[in-house]
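In what follows, chains are A, B, ... by sequence order, proteins preceding strands, each numbered from 1.
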Amino acid sequence: MDEKYFAEKIEEKWQGRWQESGAFRAERDDAREKFYALEMLPYPSGFLHMGHVRNYSIGDALAWYKRLRGFNVLHPIGWDSFGQPAEQAAIKRGVNPREWTEENIVHMRGQLQRLGTSYDWSREIAAHSPEYYKWDQWFFLKMLERGLAYKRLSPVNWCPTCETTLSNEQASGGVCWRCGSQVERREREQWFLRITAYAEQLLDDMREIEAGWPERVLTMQRNWIGRSEGALVDFAVKDRDSKVRVFTTRVDTIYGATAVVLAAEHPLVEEFLSEGEETPLRRDVREFVERVKATRGTSVKVAGEEEEKEGVNTGMLAVNPFSDELLPVWVGNYVLMEYGTGAVMSVPAHDERDFEFAQKYSLPVRRVIERISHEQEQIEHDPETEDQSAAMPHAFTDYGILVNSSEWSGKLSTDAIPEMAARAKAEGFGEGAVTYRLRDWGISRQRFWGAPIPVVYCDVCGTVAVPEKELPVMLPERADFTGTGDSPLAGVAEFVNTVCPSCGGAGARRETDTMDTFIDSSWYFFRYCDPRNADAPFDPETIAYWTPVDQYIGGIDHAVMHLLYTRFWTKVMRDLGLVKFNEPVRRLMTQGMVTNIIEGTNEWKRMSKSRGNGVDPDDMIRAYGSDAVRLFVLFAAPPENELRWQETGIDGAVRFLRRVYSMLYRWRDALHDAPKSAPAETSDAARALRRKTHQTIERVTEDFERMHLNTGVAALMELSNALQDFAARPDADPSAAERFAVREALEALVLMLAPYAPHIAEEMWEALGREGGMLTSGARWPVADAELARKEELEIPVQVNGKLRGRLVVGADATEEELRASALADEKVKTWIEGREVVKIIVVPGRLVNIVVR
RNA sequence: GCCGGGGUGGCGAAACGGGUAGACGCAACGGACUUAAAAUCCGUUGGCCGCAAGGCCGUGCGGGUUCGAGUCCCGCCCCCGGCACCA
């Protein structure tokens with residue numbers, strides 16, 4: 001230990017020692033309690049950014065804490081190494097995506113090691129290695145067997161920049177999640193995973209994780225799944241065999257329906273257009289439908305802005321099954337084929353959209369729900385009026401009481417809804433139903449750098465699954481990146497042309513699309529538990545020990561995509577008998593962004609190279625040391641908050657570390673002969689220091705349990721300040737009891753500093769005379785002695801009428817009576833109660849006294 | 001519009017079931033050391049009034065409950081995030 005603190009030297013030393021001793025290696029041990037600390041795996045872009053540093057500092061601190069608490073901690077890392085940037089590099093610079101990716105991994109691995117992260121590198125995995133993606137393909141086959149994977153022609157989201165299709169989650173808001181381009185709609189054959197089959201479970205099982213997940217993530221997922229209860233009702237179409245099935249959440253308004261409106265893509269529309277001769281009416285409908293389809297494909301729709309509602313009357317008539325009334329059948333641009341049944345009953349009086357539509361085309365508005373008058377529990381409207389559009393400036397969408405609805409009139413909406421659904425079912429023209437906004441997960445990507453979908457097309461046998469024993473379907477080394485909109489694999493003849501695994505016939509062709517990379521990240525943390533297994537994705541018994549993940553930490557940007565997919569994947573694995581639980585992650589923490597000021601403005605924006613406000617972690621580590629960078633990042637704000645990058649803040653962290661270090665250096669010799677147990681004879685100062693030490697242990701321990709990492713640092717700073725004050729006392733010749741107290745304080749301080757600043761903590765631990773690194777020598781988190789932590793004296797505030805008027809210093813065990821008496825005897829208090837009548841005295845022992853006077 | 005989370009000093013933030021608002025740190029100011037600066041150390045730092053003792057005000061705004069409200073209830077305002085014609 002040098003007199004002065006040299007971060008670089010210490011950090012190199014300990015990073016080397018950790019590696020040699022395998023300090024962070026984790027092995028399954030059924031006798032020990034495990035803890036799985038996980039951070040979202042990085043994409044190997046080439047460079048670590050501050051968001052990574054924050055993410056991994058949080059996870060690393062937790063891993064250290066749990067290890068010191070005696071848990072068998074699994075803390076792994078790997079690479080989400082399939083994906084677009086590698087392919088872009090290949091397109092732009094002709095490099096090999098695999099080589100580019102692997103070079104990046106080498107560099108970033110070095111960066112993570114320089115940061116001093118405590119990963120078990122023996123478990124490192126990379127999504128692009130055949131040993132890994134083989135199991136992506138294996139899972140795909142399992143889903144295919146169970147009907148959970150299927151191919152169909154459907155409109156999909158197409159990103160013109162990335163030249164690939166996207167899932168709905170990845171095209172949320174109409175923009176590509178990667179590049180922000182406006183997505184287009186295209187018809188395409190594409191593989192889907194049936195996530196909708198799990199919609200109800202994905203909702204229900206949230207109960208299991210409610211306590212451990214942030215509210216907003218659960219809400220976002222809940223909204224995304226979009227469960228909606230209602231009814232399906234069939235409207236017979238006059239003079240035809242077909243029926244129109246509509247979905248509605250408001251059957252109670254069905255007597256107010258004045259039209260049926262179909263989506264442009266609705267089968268009945270196609271049927272109508274494809275029959276008979278071209279009439280003016282048919283031409284109008286055709287033109288309208290084509291226009292709608294065209295604008296839906298390419299229109300640049302700004303979120304929040306609704307298109308004007310338009311439609312065209314087809315001349316067909318539908319029968320309202322409740323009233324037998326004939327309603328015109330329209331096609332409307334505001335009805336979506338993807339939701340519900342692609343057809344709605346239009347109830348202008350009670351639905352905003354239908355109201356707007358009816359206004360434009362002068363459809364009748366018939367009121368069938370009235371507000372309940374609270375004074376008289378009666379309706380307040382003349383129920384006989386037919387067209388009340390003049391009386392209704394907008395739709396009335398609340399529940400109420402039914403009017404104009406035949407025998408249902410007079411019922412409450414809440415009663416009518418289930419009763420009418422039951423009637424529909426009984427009479428065979430409908431039923432109660434639940435629909436979801438969630439769509440199946442489109443996983444086909446027209447990209448090279450991903451896991452090939454293990455399917456072969458044979459002219460004789462059709463679509464054939466690649467047999468398990470032929471996995472992995474290897475990605476070729478090279479392809480032409482011409483950007484034709486098709487997968488580059490389609491141009492690799494050796495890849496495409498194959499024999500049919502079923503009939504052995506030549507001339508079969510492989511699927512050339514690759515899988516969405518979100519598949520890789522849906523189950524990677526199971527693979528960490530058993531990363532070299534060649535016979536299975538993992539051994540179910542091994543993961544039964546390690547999983548579920550105890551604490552997961554990552555960015556909020558994956559609230560819906562990754563975190564929904566991985567929940568789905570886990571449920572599928574459960575149904576395959578591979579895991580025994582429903583939810584993969586017990587506790588989730590979404591860390592806040594790291595922002596930096598945009599030069600010349602006062603705007604704080606997420607750090608990014610393109611914005612020019614990025615900060616290179618390597619520069620920071622070189623300038624301040626990794627310990628200081630980590631400490632600052634954890635101290636500057638609570639983990640969930642935005643972190644505004646201010647370099648003066650790191651100066652503070654460096655100052656603190658230096659103070660602790662030099663304090664220990666100064667005391668070192670005096671501590672060598674400090675007693676091993678607390679001497680009986682002690683002093684006030686020693687007692688006070690020990691009290692502070694044990695209070696700090698209580699606080700920091702609690703802070704780690706709640707992941708309040710910033711206040712944990714504050715508590716350590718307070719202890720350090722107390723030590724500083726202790727050493728500055730005029731009496732500078734410490735007794736045995738005092739040396740003991742200092743040693744105890746320093747040991748506790750150093751141990752509790754380890755999660756934040758592990759290198760310097762190890763160095764100081766060694767300077768305190770401990771052999772070997774903390775973890776390999778079995779060092780343990782300090783234990784607070786509640787008795788020692790207890791205050792002997794308390795300062796009790798005294799209020800008069802709720803305002804602070806004085807303070808009492810009393811023994812910690814002062815009784816209510818004693819507190820009351822000393823409060824009334826206090827000189828300052830006296831001046832406030834003199835000449836007034838004391839009405840009441842509230843005494844909260846150990847807390848305060850409040851005297852109420854009149 | 002709907003849903004979720006928030007508004008506390010110059011700044012980042014503390015305050016776990018209502019009980020001393022602003023811990024800890026950054027910045028700033030004053031002082032010590034120094035030829036000087038940096039570093040370090042000591043001190044001050046919510047606002048207003050006051051020589052001081054001390055007082056008054058203060059957690060987005062307006063009400064309420066309570067001996068006592070940053071914390072609970074009602075009504076607003078503003079900010080951040082998510083969703084987007086979902087029938």
Side-chain angles (χ1 to χ4, degrees), chain A residues 172-174 214-224 226-228 230 246-250 253 261 263 301-309 332-336 338-347 350-354 356-357 397 435-438 556-557 559-560 590 593 632 635-638 640-653 655-656 658-659 662 699 702-703 705-706 708 710-718 720-721 724 728 795-807 828 831 839-844 846-853:
Chain A
S172 175
E215 188 58 44
R216 60 174 173 158
V217 173
L218 295 175
T219 308
M220 279 160 74
Q221 293 207 0
R222 221 172 264 130
N223 292 345
W224 189 260
R227 184 180 197 275
S228 178
V246 305
F247 175 74
T248 177
T249 54
R250 295 295 303 273
T253 65
V261 187
K301 225 188 88 187
V302 182
E305 245 173 63
E306 280 173 22
E307 251 172 291
E308 194 186 343
K309 290 178 185 41
N333 65 347
Y334 72 103
V335 180
L336 310 171
E338 308 86 74
Y339 184 78
T341 60
V344 301
M345 61 180 204
S346 180
V347 185
H350 304 293
D351 182 282
E352 301 281 5
R353 297 150 299 177
D354 294 340
E356 207 184 302
F357 191 69
T397 57
T435 57
Y436 300 91
R437 212 186 75 114
L438 184 70
I556 185 73
D557 31 336
V560 173
T590 49
M593 291 193 291
F632 166 66
F635 175 59
E640 295 92 343
N641 284 23
E642 175 188 331
L643 172 64
R644 296 188 162 189
W645 188 258
Q646 272 163 326
E647 247 172 273
T648 51
I650 314 187
D651 287 331
R655 272 199 288 272
F656 169 66
R658 263 196 223 139
R659 262 201 304 272
S662 61
R699 278 174 64 188
E702 182 59 28
D703 283 340
E705 292 301 328
R706 293 187 301 161
H708 288 194
N710 55 325
T711 51
V713 179
L716 294 180
M717 286 173 168
E718 280 188 51
S720 149
N721 291 345
Q724 203 101 0
E795 203 181 64
I796 301 286
V798 181
Q799 302 179 332
V800 177
N801 286 350
K803 282 191 188 290
L804 181 67
R805 294 305 181 192
R807 291 170 214 272
K828 277 187 210 143
T831 64
V839 181
K840 196 176 181 185
I841 301 178
I842 285 127
V843 180
V844 185
R847 278 241 99 106
L848 62 33
V849 179
N850 187 12
I851 302 168
V852 187
V853 298

For this session: Could you give the distance separating U44(B) and A52(B) at their P atoms, to the nearest angstrom?
Result: 16 Å
Taken to the nearest whole Å, CZ/Phe656(A) to P/U40(B) is 15 Å
- Task: Respond yes when some side-chain nitrogen or oxygen of Ser346(A) is under 4.0 Å from OP1 or OP2 of A87(B), and no when none is.
- Result: no
Has Asn333(A) got a side-chain N or O lying under 4.0 Å from the OP1 or OP2 atom of C85(B)? no
Check: Within the structure, does a side-chain N or O atom of Lys803(A) lie under 4.0 Å from either OP1 or OP2 of G58(B)?
Finding: no
Checklist entry - Considering only the P atoms, how many Å lie between C79(B) and C24(B), rounded to the nearest integer? => result 34 Å
G70(B) and G19(B), which share atom name C1', separated by this distance in whole Å = 13 Å
- Quick one: is Arg655(A) getting a side-chain N or O under 4.0 Å of the A27(B) phosphate, OP1 or OP2? yes
Between CZ of Arg227(A) and P of C3(B) the distance, given in whole Å, is 18 Å
When the C1' atoms of C85(B) and G81(B) are compared, how many Å lie between them, rounded to an integer? 22 Å
Base orientation of G54(B), chi within 90° of 0 counted as syn, else anti, reads anti
Using only side-chain N and O atoms of Arg659(A), determine if any of them is under 4.0 Å from OP1 or OP2 of C41(B). yes
In this structure, CG of Asn850(A) is separated from CG of Leu804(A) (nearest 0.5 Å) by 10.5 Å
Heavy-atom nearest pair, Val852(A) first then Ile842(A), reads CG2-CD1, 4.2 Å
Exercise for review: Please tell me if the side chains of Arg216(A) and Thr590(A) come closer than 4.5 Å, counting only heavy atoms from C-beta onward.
Suggested key: yes
Sorted by chain and number, sequence neighbours left out, side chain to side chain donor-acceptor pair (under 3.5 Å) with Asp354(A) holds for Tyr334(A)
Query - Asn223(A) side chain near C2(B) phosphate (N/O to OP1/OP2, under 4.0 Å) - result: no
Here the distance between atom P of A87(B) and atom CD of Glu356(A), to the nearest Å, is 16 Å
P spacing across the pair C56(B) / G4(B), given as an integer number of angstrom:
42 Å
Item checked: Nearest-Å distance once atom C1' is located in both G10(B) and U45(B) -> 10 Å
Report which part of the nucleic acid Glu718(A) touches: base, sugar-phosphate, or nothing (heavy-atom distance under 4.0 Å, all strands). sugar-phosphate
*asked:* It should be established whether Arg250(A) places a side-chain nitrogen or oxygen under 4.0 Å from OP1 or OP2 of nucleotide C86(B).
replied: no
Between C3(B) and G58(B), how many Å separate the two C1' atoms, rounded to a whole number?
34 Å
Describe the nucleic acid contact of Gly652(A) in one word from base, sugar-phosphate, nothing, applying a heavy-atom distance below 4.0 Å.
sugar-phosphate
Worksheet item: With respect to the phosphate group of C86(B), does any side-chain polar atom (N or O) of Thr249(A) fall under 4.0 Å of OP1 or OP2?
Response: no
In this structure, CD of Gln799(A) is separated from CZ of Arg807(A) (nearest 0.5 Å) by 11.0 Å
His708(A) NE2 to G25(B) C1', in whole Å, measures 18 Å
Notebook entry, point to check: Which part of the nucleic acid, if any, lies within contact of Pro638(A), taking any heavy atom under 4.0 Å across all strands shown: a base, the sugar-phosphate backbone alone, or nothing?
Noted result: sugar-phosphate
When rounded to whole Å, the CD to P distance for the pair Glu795(A) and U20(B) reads 12 Å
Distance check, P atoms only: C73(B) and A23(B), in whole angstrom units. 28 Å
Phe632(A) atom CZ is separated from C11(B) atom C1', nearest whole Å, by 12 Å
Where RNA chain B forms runs of at least three Watson-Crick or G-U pairs (i with j, i+1 with j-1, under 3.5 Å), the stems are B:1-7 with B:77-83, B:10-12 with B:24-26, B:28-32 with B:40-44, B:46-49 with B:54-57, B:60-64 with B:72-76
Asp651(A) atom CG is separated from G25(B) atom P, nearest whole Å, by 15 Å
**Prompt:** Heavy atoms under 4.0 Å, any strand shown: does Arg216(A) hit a base, just sugar-phosphate, or nothing?
**Reply:** sugar-phosphate
Closest of C24(B), G19(B), A13(B) to the Ala637(A) side chain is A13(B)
Original post:
So what does Arg805(A) hit on the nucleic acid, given a heavy-atom distance under 4.0 Å: a base, only sugar-phosphate, or nothing?
Top reply: sugar-phosphate
Hey, does Thr341(A) reach any base, or is it just sugar-phosphate, or nothing, if we go heavy atoms under 4.0 Å? nothing
Asn710(A) atom CG is separated from C24(B) atom P, nearest whole Å, by 14 Å
Query raised in the report: Got a donor-acceptor contact below 3.5 angstrom from the Arg644(A) side chain to the Ala637(A) backbone?
Result: no
key: side-chain N/O Asn721(A) vs G25(B) OP1/OP2, d < 4.0 Å   = yes
